[in-house]
Amino acid sequence: MTGRDYSHPGKVYVEVTATFKEDGRLIPLAIVWEDGRRFCIDRVTDIRPAASLKAGGCGIRYTCLVRGKPAYLYFEQDRWFVERRTG
Amino acid sequence: MPRVVLHSDINNFYAGVECLHRPAIRSRPVAVAGDPALRHGIVLAKNDLAKAAGVTTGEPIWKALKRCPDLVLVPPNYPLYLRYSRMARRIYGDYTDQVEPFGLDEAWLDVGGSAALRGSGERIAHEIRARVREELGVTVSVGVSFNKVFAKLGSDMKKPDAVSVITRENFREKAWPLPAKDLLFVGGATRRKLLANGIATIGDIALSSPVFLRSLLGKWGEVLWTFANGNDSSPVMRTGEESAIKSIGNSTTTPRDLACDGDVRAVFCVLCESVAARLRTHGLKGRTLQIRVRDCDLSSFERQGAFDRPTSLACEMVPRAMELFSANYAWAKPIRSLGARMTGLVPADTPAQVSLFCDEAARMKAERLEAAIDALRSRFGHYCIGRAVLLREGARFSINPRDEHTIHPVPFFKGSV
């Protein structure tokens, strides 16, 4: 029987620096990758509830512009994750 | 305002959520199954690949593995399923305040009042279907109809990720050719009785005489006839409209088979204590005790007996349970699981006639004693106090049915039958 461990390579939990706006919105500012590299988020272009089939999970999905490229950042309950790009 | 009832059913719910969270197993047959070490080793849910291989819900793991040797088994994670269930209900709540859950994975919605704002039932159904897929990563089948029974029937017609519409105009073509067992409340026994009388489809039920059906099946016969003719008028409950509790029960599959009256008494003690404590929490007493006995071959029976007056005392329930048990079981086989349930509930402060023939002082003392046990357990935990009869078995029977996660089947007629 498979255990209760849901971790797998497609789902990367990351450290995130975020801010709470005065209206209650939670906006991520920077992502710290597994190897310690820090990526500033230039802009958040979309916020919506969404599932990630690739990473296996669901939460609030932030579409972030990082170095000019869009990337999905998910806030799932109390943790942030990103989908690992493969290939 | 015409009723527009949707029934939304999350496809392969537990297995769907597990497959979403475990991408590696998505392309394989998967079953969510209980722990074999605790003898809860049955299939609780499966995905479509497992279904195609013949795995069925409720069958033991060994049987499922025989049919499908590369079946991936995963343990259930109820907190995770509850989270998805809540998220789905939040989506439903965007369309109506009439959301009536039917278990964790199903719900009825009456969107009749949202038609002006959100469009037809079918349109709303498609919107919900798309949103659940996008936002939750699982799929739903939605049935759209003018009553709850046909809406439910509709959600079973096309799976997964689909919408089926049954209207007043087309229900004869769409619903009537379906086998009778697809209708809500037609289980194995009813289906066999109907078949023996040449009634095979929902249409056959609809075209039978209600008097005949009543003679065959009792009052349910007439109810089924009403359902089959599209005349179910039960309303979809509003969110938060708590249905009155009709019964309180617990059951357990014990870690080993029970072999003697002493074993059975010990388990009934645990179950009745839990039921009694829950009755008291809700401020209720019950008039009737039901027991359920299942032997090691999985054949089971239920018996019930009434009390002279309503009670919430385990010390009155246990002897009654044992009476019912002894009168109905001859120990042909060892026992695998037991259940106890109290029905005929009344508020605990309902005035009761005291009896000249029983010791009222002792009864009040027993009430105080059990209240004291409740208080102790709420302060120091369930296991701070227990029956000596359970010590004999060590930790084996020391189950805590009250906190064990159980998902109860939900009655369809909330408090109305």
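Below, read A as the first sequence line, B as the second, and so on, with proteins coming before strands; counting in each chain starts at 1.
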So which pairs with a foot in residues 4-55 of chain A pass ring pair (Phe, Tyr, Trp, His ring centres under 6.0 Å), sequence neighbours left out?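 Every ring pair (Phe, Tyr, Trp, His ring centres under 6.0 Å) pair that includes a residue of residues 4-55 of chain A, provided the two are not neighbours, is A:Y6-B:H21.
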Is the closest side-chain heavy-atom distance between A:C58 and B:M87 below 4.5 Å?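 The answer is yes, as the side chains (C-beta and beyond) meet within the 4.5 Å cut-off.
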Checking A:S7 against chain B: side chain, backbone, both or neither under 4.5 Å from a heavy atom?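 Looking at A:S7, nothing touches chain B.
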Kindly indicate, with the supporting measurements, whether the criterion side chain to side chain contact (heavy atoms under 4.5 Å, CB included) is fulfilled by A:Q77 and B:R83. CA-CA 10 Å; A:Q77 293 195 289; B:R83 193 182 134 222; 3.1 Å; yes
Heavy-atom contact with chain A under 4.5 Å, split by part of B:L71: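 No part of it gets close to chain A.
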Measuring heavy-atom distances to chain A, does B:R131 have an atom under 4.5 Å in its side chain, in its backbone, in both, or in neither?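 Neither part, no heavy atoms under 4.5 Å.
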Could B:E134 and A:R61 be called an ion pair, given the rule that one side-chain N must be under 4.0 Å from one carboxylate O?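 Here B:E134 does not pair with A:R61 in a salt bridge, since their nearest N and O are not under 4.0 Å apart.
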More than 12 heavy atoms of other residues, nucleotides or ligands under 6.0 Å from [atom1] of [X]: is that the case?
X: B:K51; atom1: NZ; answer: no
X: A:E34; atom1: CD; answer: yes
X: B:R123; atom1: CZ; answer: no

Nearest heavy atoms of A:A51 and B:L136, plus distance in Å: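 In terms of heavy atoms, the two residues are closest at CB-C, 3.4 Å.
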Minimum heavy-atom separation for A:L53 to B:G137, with atom names?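 Between these two residues, the closest heavy atoms are CD2-O, 4.2 Å.
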